[in-house]
Structures are given as C-alpha cells and as structure tokens.
Amino acid sequence: MDNLTLVFKEHNLKLTPQRIAVYKYLKGTTEHPSAETIYTALHEDYPTMSLATLYKALKTLTEVGLIQELNLGENNFRYDANTSSHPHVKCINCGRVDDIMGLDYSTLVIDAEKHSDYTILSDQVYFFGVCSNCQKKKNRLVIY
C-alpha cells in the first residue's frame, strides 16, 4: 500500500477508495480478471461504483505502471498486478490465463531488435494452449 500511495503522490493523482479497492483486488489474485469480473467482485462492497469508474481506475493504474493490461485477442482486456516482464498462457478451451514465471525470453527481445530497425521498449508475450484441467476433460474439449 505504501507503494500505491507513493506512486499516486509522484503523479499528483488522487488516491480514491475505488482505485485502492481495484488495486487490492488485483494484488490479491493470480488470476487475470476482466473489468467485468473485477466489477462483479467489488460490487457488493462498492455498490455505488459504476463500471465507468472501474474502467477509469484501471486506466489510471495502468498508466502509472501499477498494473498491466493484457490483450489476449478477446473482446475485452485482462489485468495483472504483476508488472514484471513475463509471458502469459491462455487456455483456448476455458479461457483461463496464467503467468509463466522463470522463462528467460530476453534473447527474443534482442533478436527482435536484430531483425528489425526498432528499439524494443516493452513486450508482451502470449502463448495459447490447453490447460491441464481441460486436458483431463478430453471428452469435453472444444478447440476454437
């Protein structure tokens, strides 16, 4: 929480109860929820918070670098409070998204620079597959 307060002070932003709630929720989960999932989870404790307010809080938290926004090719974004550079994997059957930790893909960034005329400033790497839970349910496997 001290980090949250410090970052908001550095950016001259107001630290609202809604922003705190969204950040705490994301810090407390390893899932990668959508805005709608976060809204549903927080609605009971914050019944007056609108979906628009939630989207603004997510945008602000992303802009100040406290969370990252994931674009996994869905019609909405997912959010992750782990802002370290790491790849994600999405199950194409159930939609679950997980972090892949401990994978060194730094050479990929170096190779991308070597094979282009760009200086790479950031990266997001996504893998797509079938999670272990869906693999166990082979007979219910639906691949898109």
Side-chain angles (χ1 to χ4, degrees), residues 1-113 116-137 140-144:
M1 281 303 296
D2 292 337
N3 184 40
L4 180 65
T5 304
L6 181 64
V7 169
F8 270 75
K9 279 184 182 178
E10 287 174 354
H11 288 87
N12 294 318
L13 293 168
K14 185 177 178 184
L15 190 55
T16 64
Q18 294 86 349
R19 289 172 175 170
I20 293 169
V22 171
Y23 184 68
K24 277 185 171 181
Y25 178 80
L26 287 169
K27 286 298 277 187
T29 184
T30 58
E31 295 180 8
H32 301 77
S34 66
E36 291 77 14
T37 300
I38 299 167
Y39 177 77
T40 301
L42 296 177
H43 187 69
E44 186 175 323
D45 292 332
Y46 297 87
T48 60
M49 181 170 59
S50 69
L51 195 53
T53 298
L54 175 72
Y55 276 110
K56 289 176 189 172
L58 290 167
K59 183 177 190 273
T60 300
L61 291 167
T62 301
E63 287 174 349
V64 299
L66 289 168
I67 65 172
Q68 61 176 308
E69 186 176 70
L70 308 176
N71 183 351
L72 292 147
E74 302 167 319
N75 290 332
N76 58 11
F77 294 104
R78 304 279 193 106
Y79 297 90
D80 188 355
N82 180 352
T83 57
S84 67
S85 185
H86 63 280
H88 294 88
V89 60
K90 178 183 176 189
C91 179
I92 61 171
N93 190 52
C94 69
R96 184 175 107 191
V97 177
D98 290 306
D99 295 323
I100 300 177
M101 301 307 289
L103 176 66
D104 180 12
Y105 65 99
S106 58
T107 58
L108 180 62
V109 174
I110 293 166
D111 288 344
E113 286 188 332
S116 70
D117 61 351
Y118 286 78
T119 298
I120 305 299
L121 301 175
S122 67
D123 62 81
Q124 286 192 337
V125 176
Y126 303 117
F127 295 93
F128 299 87
V130 180
C131 71
S132 59
N133 290 337
C134 289
Q135 289 175 44
K136 291 174 189 170
K137 302 173 188 173
R140 296 194 329 186
L141 184 62
V142 178
I143 299 183
Y144 300 100

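These numbers come from a predicted model, not from an experiment.
R78 places a side-chain N or O within 3.5 Å of a backbone atom of H32 that can act as its donor or acceptor partner. Formation of a donor-acceptor pair under 3.5 Å by the R19 side chain with backbone atoms of K14 is found in this model. Within the 3.5 Å criterion, the main-chain N or O of N82 finds a donor-acceptor partner in the side chain of D80.
Across N3 and Y23, no two heavy atoms sit closer than the pair ND2-OH, 4.2 Å. In plain terms, the two heavy atoms of N71 and G73 that are nearest each other are OD1-N, 3.1 Å. Closest non-hydrogen pair, Q68 versus S84, comes out as NE2-O, 3.7 Å. For the pair Y126 and L70, the tightest heavy-atom approach, listed with the atom from each and the gap, is OH-CA, 3.4 Å. Shortest non-hydrogen contact noted between F127 and P87 is CE1-CB, 3.8 Å. For A35 against L54, the heavy-atom pair with the smallest separation is O-CD2, 3.0 Å.
Side-chain atoms of N93 and N133, non-hydrogen and from C-beta on, never get closer than 4.5 Å to each other. Side-chain contact between E63 and H11 is absent, with no heavy atoms from C-beta onward closer than 4.5 Å.
Distance check: L58 CG to Q18 CD gives 12.0 Å after rounding to the nearest 0.5 Å. Atoms OH and CD1, from Y25 and I67 in turn, are 12.5 Å apart once rounded to the nearest 0.5 Å. Between atom CD1 of residue I20 and atom NZ of residue K27 there is a gap of 14.5 Å, rounded to the nearest 0.5 Å. One distance of note links CG of L66 with CG of L4; it measures 6.0 Å at 0.5 Å rounding. Within the model, atoms SG of C131 and NZ of K137 stand 7.5 Å from one another, a figure rounded to the nearest 0.5 Å. One finds the SG atom of C91 at 11.5 Å from the CZ atom of F128 (value rounded to the nearest 0.5 Å).
A 6.0 Å sphere centred on CD of E74 holds more than 12 heavy atoms belonging to other residues, nucleotides or ligands.
Qualifying ring-ring contact (aromatic ring centres under 6.0 Å, His included) partners for H86, counting only residues two or more places apart in sequence or in other chains: H88.
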Apply side chain to side chain donor-acceptor pair (under 3.5 Å) to the pair S85 and Y105, showing each step before the final yes or no. CA-CA 10 Å; S85 185; Y105 65 99; 2.8 Å; yes
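Judged by distance alone, the side chains of Y118 and E113 never bring a donor and an acceptor atom under 3.5 Å apart.
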Residues 38-48, side-chain donor-acceptor partners within the protein, below 3.5 Å, at least two apart:
unit_1 : atom_1 : unit_2 : atom_2 : d
T40    : OG1    : E36    : O      : 3.0

